[in-house]
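None of these values were measured; they are calculated from a predicted model. Basis for what follows: all heavy atoms, side chains included, without hydrogens, waters or symmetry-related copies.
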Amino acid sequence: MKYTLFLTTLLFTLLSFSQQTGSIVGKLTDKELNDEPLAFANVLIKGTTIGTTSDFDGLYELSSLEPGVYTIQFSYLGYETVEIPNVEVVVDKVTTINVPMSASQGFALDEVVITTSARKDSEIALLLEQKNALVLQEAISAEALTLKGIDDAASAVAQISGISKQQGSSNVYVRGLGDRYQNTTMNGLSLPSNDVNKKNIDLNLFSSSIIENVSVRKAYSSGFYGDFAAGNVNIDSKEYTGDGFIDISIGSGLNSNASGEDFVRSEGPSDFGFYNRYDNDPFAVVLSHGVDPQSAWSPINLSASVDGGYSWNFENESRLSFFGSASFNSSYEFREGPARDFTNVLKIDFPNVQEYSYGTTTTLLANLTYKINNEHKVKYSSLFINSSNDAVSYFGVNGLGTNRDAILNTDEGFHVTNVQFNQDMIFVNQLTSQHIFNEKLSLDWGTGFNKVFSDEPDRKRITLENFQFSLDDDPNTNPVFYTNIPFDNQRFFQSIEDDELNSFLNLDYQVSEKVKLNFGYNGRRKERNFNSIRYGYEIQDRDGTPVTDVNDFNSIFDVANINIPDGSGLYDLIVLNPINNEIGNTNRPGLPENTYTGNLNVHAAYVSAEWALNEKWTIIPGFRIESFDQKVAYDVINIRPDDPGFRDVYENIYLPSVNVKYAINENSNLRLAASKTASFPEFKEVAPFVYEGVTQRVGGNPDLLGGLDGTGATYSDVYNYDLKYELFLERGEIISIAAFAKTIKDPVNRVVAADATGTQRYFRTGEQADVFGVEVEARKNLLTDADENALVSIGLNAAYTDTSQDLKDIPGGADNTFGTSFERDSDKLEGASPFIVNADLNYSPVFGDYKPKATLAFSYFSDRIFSLGAGSLGNIVERSVPSLNFIWKNSFGEHFEANLSAKNLLNPDISFVRENTGIGDIVIREFNLGVNVGLTLKYKF
């Protein structure tokens, strides 16, 4: 393409000799991004309909122009319009105007002042970056998020080929691999997990208003942490470099399931998702506050946000820019369906469960960027997210619930009320910087500190027998408390605190025109502190304490009814871990019954080269040395008495990689990649604490760190292979196809124990797992306007993934803390969907100042294993789910928007099934989420 402009100019000169016309040609570049070409910008002769767009290399041409003086306009989505007056077209001459667009003021071009604002939030900019990238990457922009009505980062990455999002949760699967095989970063620095059950942060916590783009790297290069198997998800937080602005939006909506329901919520949390009793001892909370839920507002979803930014321009191309965002969202959901506990038999069966769920998200973001000059820039980012979920669940509301261990009646009447509030507060602070010292040497660095508070304060769980008596009109028949153990009726408190310090340093040195070297360092220091405590209600006389009103437990569990001092009370409070034996564990405060501390230290040095063999071939070899130090120390109940109470491992890992790019022509690439990476255990997989839900129990396994005797595997080696062809067509269009393969040594899977507990734990289930897959993607403009802007466009991506792993028996005993066995030699990999499909249809006409945008988006994933079944029992499988969303955005002029959304239109069942139970497949949980309809009004000042 280097000679395209020259050849075009020469050809036009020969033709114009006979036509008595002239032409204007040139190249558009982005000065702030190392003069990268600015593709698909609009070039227009002001006052006419004559125009064109720049190509992938930033080149444009206005041909066959009549002689005269014109004003040329350059515009691009997200950029300020640039006008250059007094451009003269001369017969038989070619006027060349190369415009290096910059975000600073004062740049002179033929004595014309140019003012622009560079942003990387458009689809075309990201496609250009993808085309020129040396390593496989895919991204979705803020522009596409807005167009498709995507509210958060989890839904955003699900638009990328080979990626699916689990309905009803924030779990994201990349190439069929789940949470443990992924990494999440923001601005290139690692993000913490906000959930004890996950390695990665919930991506749905990141609202679209604070996202510039979301990218996924599926092929490894040495600059990434070695804990890389499925991919790395990076969120670039939004920056602003133009004139000042303020956007204010408010919204409301309804959920079809929740509408009309008399909602209830936990007593204690605020309407904004904050719990204000953390400073009180759990024992004091139990004594002071009841267990009954409280009435909630009408179930109307609400949202509000304020976004704003401003830039101050100084001399010598220096600029200070600020972007800030504050938002709040609340949502109601009502879920109804069966829930069952199938261990090695059907233990508990609730044919009907009703769950009232109220969720909130509060987000605050501030970005402050100081551009010292075109060679040096410093950015500070601060992010706060508070997310909460308040759920009141009634298990067995129709009186048909059963429990094989029931005391009075095993055929009906078993009932559980579970009132639960979860709050996650996340603080992220980052400082990053970019420096260009000369044409050969540049330096990027960053450091960040993350703080997470993840709490489940005061979960209340009340269990009854003979609940069917509460549904009749006979005052002489009433339910009674289930009292198999004191903790069948309980208050539970759980707290997690994470601290993480992370940093990176990358030095680029241009050895020659064809060779550039990269030297770098990555580091992470992470610590998690976990504790939980329960207080059980030990009923003194279950038969003498009937439940006459199932909506009034407070009258029973009032502090006045506690069994002190004369022993005439209704109940005792029991705690497992007393402060000391003299005080005892009855009606006294206690200590946490489960604690663990996890530490992870990662330090790595790497080197890579970018070697351009010629105009077509580029090879990027890399090598990384990484030290991995992980320790978990725990004190939990129900652990073997000979367990040492800790695991501590240290490994040095050597990770080679190579990426190859072959530019077939100026519009298509062929890419190859091969690498060795690793997969480290997460704290929740290692710590042997068991979280007990109403129908499921999930616990960790310290043997993942070397086994009980220290001779086993401490991490998984992962071998990755990728091949991809990509073709870039017209503006915003792409066709690509990719094939990939992975081999995972000593893979980790979640396994359901084949015993009476049915506890799900994590095991290294075999020697090897293999993954093979194909991905395709296409984006096509079906109809465009005169400026080649898409009026109707379609997008489609699909993936097929085949997985297999060998399974081995793991005997418990001297070598293993826990054991499991399989009556089969192989199976699919946990979390892998064979088929994933995402598609969208967009319509964006223009009617004067009215600019509507309508989008219909569809997604689908096929059945996948949620948890492997042990022994002869089958797996827990998450059934396939299709989803369909409709978004209608209406822009009236430059200031006002009114947007309508209708999401989850198909309203499919979310179903988890236990297969091969001996009595057929058993549905262990099933519900639907309802259709969400919302309206948002937005005004821009």
Is a salt bridge present between Lys451 and Asp498, judged by a nitrogen-to-oxygen distance below 4.0 Å?
no
Is any side-chain N of the basic residue among Arg277 and Glu267 closer than 4.0 Å to the acidic one's carboxylate O?
yes
With a cut-off of under 6.0 Å to the ring centre and 45° to the axis, is Lys940 in cation-pi contact with Phe896?
no
Just checking, is any N or O donor in the side chain of [X] or [Y] under 3.5 Å from an acceptor N or O on the other one?
{"X": "Tyr860", "Y": "Asn838", "value": "no"}
{"X": "Asn422", "Y": "Asn389", "value": "no"}
{"X": "Thr855", "Y": "Tyr843", "value": "no"}
{"X": "Thr360", "Y": "Ser388", "value": "yes"}
{"X": "Asn781", "Y": "Ser793", "value": "no"}
{"X": "Asp390", "Y": "Ser266", "value": "yes"}
{"X": "Ser327", "Y": "Ser305", "value": "no"}
{"X": "Gln423", "Y": "Tyr278", "value": "yes"}
{"X": "Ser331", "Y": "Asn301", "value": "no"}
{"X": "Ser859", "Y": "Ser883", "value": "yes"}
{"X": "Asn899", "Y": "Thr936", "value": "no"}
{"X": "Asn257", "Y": "Asn928", "value": "yes"}
{"X": "Asp840", "Y": "Asn842", "value": "yes"}
{"X": "Lys371", "Y": "Asn374", "value": "yes"}

Heavy-atom side-chain contact between [X] and [Y] under 4.5 Å:
{"X": "Val378", "Y": "Leu431", "value": "yes"}
{"X": "Gln434", "Y": "His376", "value": "no"}
{"X": "Ile300", "Y": "Leu254", "value": "yes"}
{"X": "Leu368", "Y": "Leu320", "value": "yes"}
{"X": "Thr363", "Y": "Phe384", "value": "no"}
{"X": "Val452", "Y": "Phe427", "value": "no"}
{"X": "Tyr332", "Y": "Trp297", "value": "yes"}

Here's a test for you: under side chain to side chain contact (heavy atoms under 4.5 Å, CB included), which of Ile235, Leu365, Asn187 qualifies with Leu383?
Leu365
Residues Phe941, Tyr939; criterion ring pair (Phe, Tyr, Trp, His ring centres under 6.0 Å); working and verdict:
CA-CA 7 Å; Phe941 295 90; Tyr939 192 84; 4.8 Å; yes
Separation between CG of Leu791 and OG of Ser844, rounded to the nearest 0.5 Å:
7.5 Å
Rounded to the nearest 0.5 Å, how far apart are CG of Asn232 and CG of Asn183?
5.5 Å
Decide yes or no on ring pair (Phe, Tyr, Trp, His ring centres under 6.0 Å) for Tyr310 and Phe322, but give the supporting numbers first.
CA-CA 5 Å; Tyr310 198 82; Phe322 170 79; 9.7 Å; no
Taking every non-hydrogen atom, the tightest pair across Pro85 and Glu83:
CD-O, 3.7 Å
Closest approach of Ser237 and Met186, non-hydrogen atoms and distance?
CB-SD, 4.4 Å
Check step by step if side-chain hydrogen bond (donor to acceptor under 3.5 Å, both in side chains) holds for Ser190 and Glu500.
CA-CA 9 Å; Ser190 61; Glu500 180 179 358; 2.7 Å; yes
When you look at CH2 of Trp888, are more than 12 heavy atoms from neighbouring residues, nucleotides or ligands closer to it than 6.0 Å?
no
Should we say atom CG of Leu906 is surrounded by more than 12 heavy atoms from elsewhere, each under 6.0 Å from it?
yes
CA sep, side-chain torsions, deciding dist, call: Glu733, Arg779, salt bridge (charged side-chain N to carboxylate O under 4.0 Å, His left out):
CA-CA 5 Å; Glu733 299 180 341; Arg779 300 184 214 175; over 6 Å; no
How about Phe328 and Phe272: are their ring centres within less than 6.0 Å of each other?
yes
